[in-house]
Amino acid sequence: MSLPDKGRSTSELLAEIARLRQDDLPVRGGKVTAYVYDTGRPEVHEAAAGAYFEMLEVNTLDPTAFPSVVEMEKQVVGAVADLLGGGSGIFTSGGTESIMLAVKAARDARPTAGRPRMAVPVTAHPAFHKAAHYLGVVVDAVAVDPVTYRASAEDVEAAVTDDTVLVVASAPSYPQGVIDPVAEIAALAAARGVPCHVDACVGGWLLPWLREAGADVPPFDLSVPGVTSLSCDLHKFGYAPKGASVVLFADPAMRRRAYFASASWPGYTVINATVQSSKSAGPLGGAWATFQALGREGYLELGRNTLAAARALREGIAKIPGLRVLGDPDSALVAFGSDEVDVFVLSDEARRRGWFLQPQLSYAGIPANIHVTVTGVTLHGVEAMLAVIAEAADAARERGPARLPEGLVELIADLDLDALDDAAFGELAASVGVDLTGGSGQPEMAVVNAVLDALPGDRREAILIRFLSVIYS
Ligand SMILES: Cc1ncc(COP(=O)(O)O)c(C=O)c1O
């Protein structure tokens with residue numbers, strides 16, 4: 001884009017945004033089973049959008065200048081603490097930032113002789129790896145059970161050393177939607193004097209409603225002895241607009257470890273509760289309004305619908321020839337794999353039919369699979385979703401697995417990425433039929449996923465970074 005010489009009208013800009021969004025996945029309607037969370041109640045999202053807009057220009061940088069921020073944040077964080085076992089919290093921009101702050105607090109609360117370390121099950125979200133990377137913490141990866149996909153307390157304990165500053169459990173983990181044994185993991189952490197973080201980013205604002213709707217949900221929150229912090233995203237099952245999460249600390253002193261202040265310059269005094277400094281209060285307003293617009297009753301009803309849809313989906317998938325649900329999901333996240341059809345092709349086939357089903361690469365002995373996040377809106381379309389999955393599975397069986405040009409994986413595995421600029425990388429991808437220019441609304445991803453799946457983890461990461469660089473060049 002070049003900056004226009006003269007300012008343009010709002011209507012012109014909105015028309016252009018509509019055009020830019022033509023190829024986007026739809027954020028409403030339930031046909032996109034990851035990334036977006038739809039209540040199926042437009043008036044709730046409208047209330048959130050209105051409040052977001054009202055708070056848009058308010059800067060949370062200085063809470064003394066904008067007391068509305070403090071009041072709203074106390075209300076939102078208070079509601080989360082009420083539901084999840086108490087504690088003192090911080091409103092953040094998302095799960096990654098909540099986790100980053102929990103890791104920082106744990107690191108700073110527990111000085112170690114060597115480099116600080118944390119024990120992290122392989123199914124935990126990469127936000128822990130990111131936090132470790134940014135904060136100079138070493139990750140000790142903990143394998144999970146190959147059948148249940150849960151981490152065991154014994155395996156977590158085996159990973160704890162004198163330098164461990166944090167152990168992690170997920171409630172649930174995203175890939176297969178299963179809850180780690182939080183009580184056991186937290187108890188062993190407490191016995192070793194190590195803080196324990198429960199990543200309830202996806203489950204924190206879901207599991208209590210599922211429990212109330214009749215699901216068997218084990219204790220997982222701050223009321224569990226030994227749990228010292230917990231993350232809960234409101235832009236997931238809180239159904240708030242993006243940019244909304246809460247991190248809770250059992251001990252207010254630990255929350256202070258997450259804060260940052262600086263008086264080391266001649267400018268205004270800096271007090272930050274989050275990684276970001278200046279930021280819009282829009283997401284806080286959106287989360288506040290979503291809570292108010294739905295209320296307990298609204299969330300419980302969404303919980304009931306979600307539970308019914310997740311059960312229908314699990315049972316339906318089990319009946320589709322060649323497909324199987326992975327593990328025994330405890331929540332509304334369902335992953336399925338297949339020994340007969342290429343799940344990456346299945347995902348592309350579903351996309352051709354207007355549905356986005358999220359592919360997940362094989363990792364740590366867990367096979368490649370498809371992930372579906374069931375939300376409040378899924379129930380009314382669950383039969384249609386199952387029909388598409390069955391059709392896409394048939395089509396994938398007929399097409400056979402993604403065919404990779406001979407030698408491609410080896411070529412990429414040995415590629416000297418530093419010797420290739422982004423343009424050359426894009427050309428290389430194009431030469432094997434992969435278009436990274438982003439033009440198509442229906443990208444065929446099976447080949448890309450198959451190549452990534454065949455590479456070791458560190459190579460996948462290097463290629464993904466290059467991929468990102470190319471699509472933004
Ligand atoms: C369990 C879990 N933790 C953390 C995150 C990271 O959240 P965010 O994308 O908001 O940073 C996610 C996102 O899916 C998640 O599922």
Side-chain angles (χ1 to χ4, degrees), residues 27 32-38 76 80 84 89-104 118 120-135 139 142 144 149-151 166-180 182 185 196-207 210 217 220-221 227 229-248 274-276 279 283-284 286-287 290 306 310 327 329-335 356-361 363 366 369-375 464 468:
V27 298
V32 174
T33 67
Y35 311 133
V36 293
Y37 294 74
D38 184 9
V76 170
V80 176
L84 296 175
I90 303 173
F91 183 86
T92 77
S93 63
T96 300
E97 193 175 27
S98 287
I99 287 167
M100 192 82 79
L101 294 177
V103 174
K104 170 180 163 4
M118 59 181 167
V120 182
V122 293
T123 44
H125 193 273
F128 291 98
H129 296 268
K130 188 171 180 179
H133 181 74
Y134 282 29
L135 294 165
V139 169
V142 178
V144 298
Y149 305 106
R150 292 188 183 89
L166 189 66
V167 305
V168 172
S170 302
S173 53
Y174 181 87
Q176 283 78 40
V178 298
I179 303 176
D180 287 329
V182 170
I185 292 174
C196 170
H197 181 82
V198 172
D199 181 9
C201 279
V202 74
W205 205 259
L206 170 70
L207 295 172
L210 295 188
V217 175
F220 70 92
D221 62 20
V227 175
S229 57
L230 176 146
S231 43
C232 168
D233 291 356
L234 305 184
H235 63 203
K236 294 192 171 77
F237 284 99
Y239 297 101
K242 288 288 181 260
S245 173
V246 167
V247 57
L248 292 175
T274 60
V275 176
Q276 290 174 296
K279 67 173 193 289
L284 176 62
T290 312
T306 305
D330 296 306
S331 58
L333 315 182
V334 178
F356 177 79
L357 305 179
Q358 190 177 47
Q360 301 192 123
L361 304 182
Y363 185 70
I366 301 174
N369 61 83
I370 299 285
H371 174 103
V372 175
T373 297
V374 173
T375 67
L464 286 169
L468 193 61

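Both counts, for ligands and for their atoms, begin at 1 and track the order of listing.
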Using a 4.0 Å cut-off to any heavy atom of [X], which atoms of ligand 1 qualify?
X      : value
Ile99  : 4 (C)
Gly94  : 10 (O)
Cys201 : 2 (C), 3 (N), 4 (C)
Val202 : 16 (O)
Asp233 : 7 (O), 10 (O)

Tell me whether Glu97 reaches ligand 1 (any heavy atom closer than 4.0 angstrom to a ligand atom).
no

Does even one non-hydrogen atom of His235 get within less than 4.0 Å of ligand 1?
yes

Applying ring pair (Phe, Tyr, Trp, His ring centres under 6.0 Å) between His371 and each of Tyr174, Phe356, Tyr35, report the one that passes.
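Of all the options given, the one that passes is Tyr174.
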
Donor-acceptor check, side chain of Lys242 to backbone of His235, threshold 3.5 angstrom: yes or no?
yes

Give a yes or no on whether the backbone of Val178 and the side-chain of Ser173 come within a donor-acceptor separation of less than 3.5 Å.
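At least one qualifying donor-acceptor pair exists.
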
Quick one: nearest non-hydrogen protein atom to [atom], plus distance?
atom                    : result
atom 11 (O) of ligand 1 : Thr96 OG1, 2.5 Å
atom 15 (C) of ligand 1 : His125 CD2, 3.5 Å
atom 16 (O) of ligand 1 : Tyr174 CD1, 3.3 Å
atom 1 (C) of ligand 1  : Asp199 OD2, 3.2 Å

Closest heavy-atom pair and its distance - Leu207, Ser331:
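Heavy-atom minimum between the residues: CD2-CB, 3.9 Å.
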
If you take all heavy atoms of Gly204 and Phe220, which pair is closest and at what distance?
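Shortest heavy-atom contact: CA-CE1, 4.3 Å.
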
Checking side chain to side chain donor-acceptor pair (under 3.5 Å) for the pair Thr274/Lys279: CA distance, chi angles, key distance, verdict?
CA-CA 10 Å; Thr274 60; Lys279 67 173 193 289; 3.3 Å; yes

Polar-atom distance check: Pro172 versus ligand 1, any N or O pair below 3.5 Å?
no

Option nearest atom 13 (C) of ligand 1 (shortest heavy-atom distance, choices Lys236, Lys242, Met100, Lys130):
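Among Lys236, Lys242, Met100, Lys130, the closest heavy atom to atom 13 (C) of ligand 1 belongs to Lys236.
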
Any heavy-atom pair between the side chains of Phe91 and Glu97 that's under 4.5 Å?
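In short, these two side chains do not touch, never coming nearer than 4.5 Å.
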
So if I apply the side-chain hydrogen bond (donor to acceptor under 3.5 Å, both in side chains) rule between Arg150 and each of Asp330, Thr123, Asp180, which one comes out positive?
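Running side-chain hydrogen bond (donor to acceptor under 3.5 Å, both in side chains) over Asp330, Thr123, Asp180 with Arg150 returns exactly one hit, Asp330.
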
For the residue pair His197 and Ser231, confirm or rule out a side-chain donor-acceptor distance under 3.5 Å.
yes

